[in-house]
2 protein chains.
Amino acid sequence: MTPAGGAPATLRDVAERAGVSMATVSRVLADNYPVAQRTRQRVLRAIKDLDYVANTHARALRGRGTPTVAFVLNDVRGASFASVAHGVEEEAARRGRICLICTTQGDPERELSVVRTMREQGAGAVILIGGVVDDAAYRSQMTAIAHSLDASGSRLVLCGRPPLGEGVPATVVEYDNEGGAYAVVSRLLVQGHRRILFLGAAANGSTTAAGRLAGYRRALADHGVPADDSLVTAAEFSRVDAYDKLSARLRAGRDFTAVCAVTDTVAAGALAALGDHGLRVPEDVSLTGYDDVDPATDLRPQLTTVHVPYEEVGRTAVRLALGLREGEVSAAAQHAVLGTHMVIRDSTAPLARPAPSAG
Amino acid sequence: MTPAGGAPATLRDVAERAGVSMATVSRVLADNYPVAQRTRQRVLRAIKDLDYVANTHARALRGRGTPTVAFVLNDVRGASFASVAHGVEEEAARRGRICLICTTQGDPERELSVVRTMREQGAGAVILIGGVVDDAAYRSQMTAIAHSLDASGSRLVLCGRPPLGEGVPATVVEYDNEGGAYAVVSRLLVQGHRRILFLGAAANGSTTAAGRLAGYRRALADHGVPADDSLVTAAEFSRVDAYDKLSARLRAGRDFTAVCAVTDTVAAGALAALGDHGLRVPEDVSLTGYDDVDPATDLRPQLTTVHVPYEEVGRTAVRLALGLREGEVSAAAQHAVLGTHMVIRDSTAPLARPAPSAG
DNA sequence: CTGTTAGCGCTTTCAG
DNA sequence: CTGAAAGCGCTAACAG
């Protein structure tokens with residue numbers, strides 16, 4: 001064992017101890033070149049004695065890039081993002097890459113700096129997930145990043161975000177936000193609901209919320225129900241904000257018979273608020289979520305929601321990005337849209353009586 | 001913008017374009033040495049034109065290590081581990097380090113290989129979390145790793161695992177597993193329960209489960225209730241396995257009035273199983289969890305559980321490990337035990353009637 | 001203030 | 001089969 005606190009052993013140390021040249025040690029390590037059995041034994045012995053491990057940086061400097069995949073997300077604690085992270089991890093591991101996860105706390109500035117760091121690190125792919133404000137500033141910065149990454153032999157992957165445009169070298173893995181919301185709201189409409197509150201519209205205009213809201217609106221339109229913007233309520237994608245916003249709404253009077261929550265987490269907050277105001281779900285109010293994450297099953301009643309294949313999103317992201325460089329996947333296939341589907345459980349029911357008046 | 005697909009620009013490219021030497025560019029970048037204003041402008045301009053970013057590996061090769069903290073866990077999807085990860089992220093970011101998260105799927109082999117990779121990567125600290133089978137093989141391997149890491153100027157941190165022994169250079173951040181279980185089981189006993197099922201004993205003997213089980217046993221002993229090993233039921237730390245195991249137990253007959261689940265997730269599974277067998281919580285059966293993760297609040301009834309300061313565990317891990325090298329924290333303080341406390345909610349109630357007979 | 005010169009630890013031709 | 005030598009991209013003395 002090496003003495004504590006010292007510098008780590010290097011290839012040269014091993015070579016000296018084994019009485020061979022550095023080249024020979026390197027060959028034993030790589031195992032890609034004939035080395036005499038006896039010599040190999042001595043080298044292996046020296047490696048063990050010195051507790052030697054190769055320095056990744058030196059190695060990376062010689063060949064190109066580290067076998068790394070970077071995954072950038074808002075917060076590891078969100079169940080849906082954690083699932084994507086798991087999918088990324090899985091596929092990256094399968095391909096012998098290690099996965100670097102970084103969080104940004106939803107701060108676009110920090111996202112930029114993290115991506116920069118990842119690029120310096122030489123990641124083979126940089127995967128971004130989470131809705132964003134799709135404004136001009138965002139698009140131009142992302143486009144620049146996409147080109148930068150591309151220029152250094154890496155690849156930008158956008159998950160759950162819209163494509164940047166034709167010529168931009170980026171992979172996009174979307175999932176259907178509008179379709180799922182359309183399905184779930186259609187069902188409420190078929191069940192007789194007319195006053196449906198949309199909870200979780202993003203004040204800033206996050207693309208995820210926007211897509212789901214669009215589905216909600218299209219369903220209403222297709223069923224001939226006039227849109228009422230007073231039913232579209234803003235809330236952050238968090239349990240507590242959803243609780244607060246819906247509670248405030250309820251104190252002002254209930255003018256709806258169903259709530260379409262933008263995520264399962266928001267639905268959890270909504271459920272609590274409804275309960276605290278003495279309203280039963282689904283008898284008094286129907287409730288739907290979106291994401292189908294584990295906790296949705298533990299809510300009582302169990303949540304009718306939309307399943308999003310989050311793990312598959314992660315796996316696909318890695319597969320497309322890495323597959324492109326390795327020639328497995330064509331450039332044309334760099335835009336995937338994964339389907340979502342409604343999962344009917346117990347939080348929705350046909351409207352029993354005509355919509356109540358406010359109060 | 002550089003042409004797509006080309007090699008990334010290097011320091012030399014920048015130097016050439018700016019018409020200066022590489023050293024000058026390096027100085028502009030480091031900003032630790034006087035450079036003429038005009039020259040600096042030209043260099044900055046070239047950097048922008050070429051979209052240059054420094055190669056981390058080359059940089060790391062020169063100076064010591066990368067400013068990286070590695071965090072190794074079983075699965076990002078567990079709410080409690082995700083909280084620790086968040087704490088680690090937070091503290092690492094505060095210290096200007098990036099955080100590398102890797103998962104092992106609970107496989108000790110993979111844990112070893114991941115740690116090895118991290119060491120090659122030159123991480124400033126390697127943080128491991130999650131219960132383990134504390135056998136001789138584990139201890140000797142971990143001890144070797146601790147020394148290896150120490151020898152390369154890094155630090156091993158064990159979270160939620162027991163110390164390895166006196167001379168071993170490792171930081172340990174534990175949280176009180178026994179105390180919390182003791183508190184929660186004591187409460188059940190005070191409420192009159194005598195037949196308390198422990199759900200989630202690990203067949204393999206994970207340290208986390210072992211600690212909590214020890215607390216359960218000590219509480220029984222202190223209250224003069226004879227231990228009955230038929231009440232200790234093995235289950236994995238997962239919702240579905242908990243559901244399955246408890247369901248099987250219930251089909252064979254109910255010979256308990258309370259369930260002490262080893263984690264909140266296990267409690268969620270238990271709650272579902274109880275419900276499906278027509279048992280009400282807490283009227284028919286009391287139920288407790290452990291961890292106090294978010295979903296515990298969404299269970300109905302809300303779960304009586306033990307709060308574990310997971311984020312603080314993560315922050316402490318980073319603080320101790322990095323603080324040691326930077327002289328902020330003493331070597332003596334390298335073992336922290338964080339307290340846990342009971343959170344009383346609605347899933348427990350006094351025993352209404354004498355314990356039922358089996359059936 | 002700026003340029004030249006050694007390497008950091010490793011891989012990889014190219015000669016033995 | 002093995003060794004010597006040339007860098008990968010960058011930084012840090014050391015000279016101008």
Side-chain angles (χ1 to χ4, degrees), chain A residues 2 6-44 46-47 50-67 117 119-123 151-154, chain B residues 2 6-44 46-47 50-67 117 119-123 151-154:
Chain A
T2 46
T10 71
L11 230 205
R12 155 175 272 110
D13 299 335
V14 176
E16 267 172 21
R17 186 175 237 268
V20 297
S21 75
M22 291 167 54
T24 303
V25 178
S26 179
R27 281 170 193 139
V28 171
L29 251 19
D31 197 24
N32 58 357
Y33 218 78
V35 173
Q37 207 37 242
R38 268 179 49 91
T39 317
R40 151 174 272 112
Q41 293 309 331
R42 254 184 311 145
V43 170
L44 255 19
I47 288 177
L50 262 33
D51 191 25
Y52 168 81
V53 278
N55 179 317
T56 320
H57 300 299
R59 194 171 263 176
L61 202 50
R62 208 65 196 71
R64 70 226 175 286
T66 349
T117 310
R119 190 179 151 212
E120 288 180 12
Q121 246 282 329
S152 23
S154 181
Chain B
T2 47
T10 72
L11 230 206
R12 156 175 272 110
D13 299 336
V14 177
E16 267 172 22
R17 185 174 238 269
V20 297
S21 74
M22 290 167 55
T24 302
V25 179
S26 180
R27 280 170 195 138
V28 171
L29 251 18
D31 197 23
N32 57 358
Y33 219 79
V35 173
Q37 207 37 245
R38 267 179 50 90
T39 319
R40 150 174 273 112
Q41 292 311 331
R42 254 185 310 145
V43 171
L44 256 18
I47 287 177
L50 262 33
D51 192 26
Y52 168 81
V53 279
N55 178 318
T56 320
H57 301 299
R59 194 170 264 175
L61 202 50
R62 211 65 198 66
R64 70 231 175 283
T66 351
T117 309
R119 189 178 152 214
E120 289 179 13
Q121 246 282 328
S152 25
S154 181

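Order of the sequence lines sets the chain letters (A, B, ...), proteins ahead of strands, with each chain counted from 1.
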Distance in angstrom units between [X] [atom1] and [N] [atom2], rounded:
X: Y33(A); N: dT12(C); atom1: OH; atom2: C1'; result: 9 Å
X: M22(B); N: dC8(C); atom1: CE; atom2: C1'; result: 14 Å
X: H57(B); N: dG9(D); atom1: NE2; atom2: C1'; result: 11 Å
X: R119(A); N: dG9(D); atom1: CZ; atom2: P; result: 14 Å
X: L11(B); N: dT4(C); atom1: CG; atom2: C1'; result: 15 Å
X: D31(B); N: dT11(D); atom1: CG; atom2: C1'; result: 15 Å
X: L61(A); N: dT11(D); atom1: CG; atom2: C1'; result: 12 Å
X: N55(B); N: dC8(D); atom1: CG; atom2: C1'; result: 9 Å

Shortest non-hydrogen contact from R42(A) toward A18(A): NH1-O, 2.8 Å
- prompt: Any side-chain heavy-atom pair from S26(A) and L29(A) closer than 4.5 angstrom?
  reply: no
- prompt: Taking side chain as C-beta onward, heavy atoms only, is V28(B) less than 4.5 Å from T39(B)?
  reply: no
query: If you measure from CG on L11(A) to CG on L50(A), what distance do you get to the nearest 0.5 Å?
result: 11.0 Å
Rounded distance [0.5 Å steps], CG in N55(A) versus NE2 in H57(B): 10.0 Å
query: Is S26(A) touching bases, backbone alone, or none of the nucleic acid, heavy atoms closer than 4.0 Å?
result: base
Among [options], the nucleotide that comes nearest once only the side chain of [X] is considered:
X: R62(A); options: dT12(C), dC10(D), dC1(D); answer: dT12(C)
X: A23(B); options: dT12(C), dC1(D), dA12(D); answer: dA12(D)
X: P34(B); options: dG3(C), dC1(C), dG9(D); answer: dC1(C)
X: N32(A); options: dA12(D), dC10(D), dT12(C); answer: dT12(C)

For [N], does either OP1 or OP2 sit under 4.0 Å from a side-chain N or O belonging to [X]?
X: Y52(A); N: dC10(C); answer: yes
X: T39(B); N: dC1(C); answer: no
X: T24(B); N: dG3(C); answer: yes
X: R59(A); N: dT11(C); answer: yes

task: Let me know, please, whether L29(A) or A36(B) comes out on the 5' side of the other along DNA chain C by nearest nucleotide.
output: A36(B)
query: Taking the nucleotide of DNA chain C with the closest heavy atom to each, which residue, A58(B) or S21(B), is nearer the 5' end?
result: S21(B)
- prompt: For A54(B) and R27(B), take the nucleotide of DNA chain D holding the closest heavy atom to each; which residue's nucleotide lies nearer the 5' end?
  reply: A54(B)
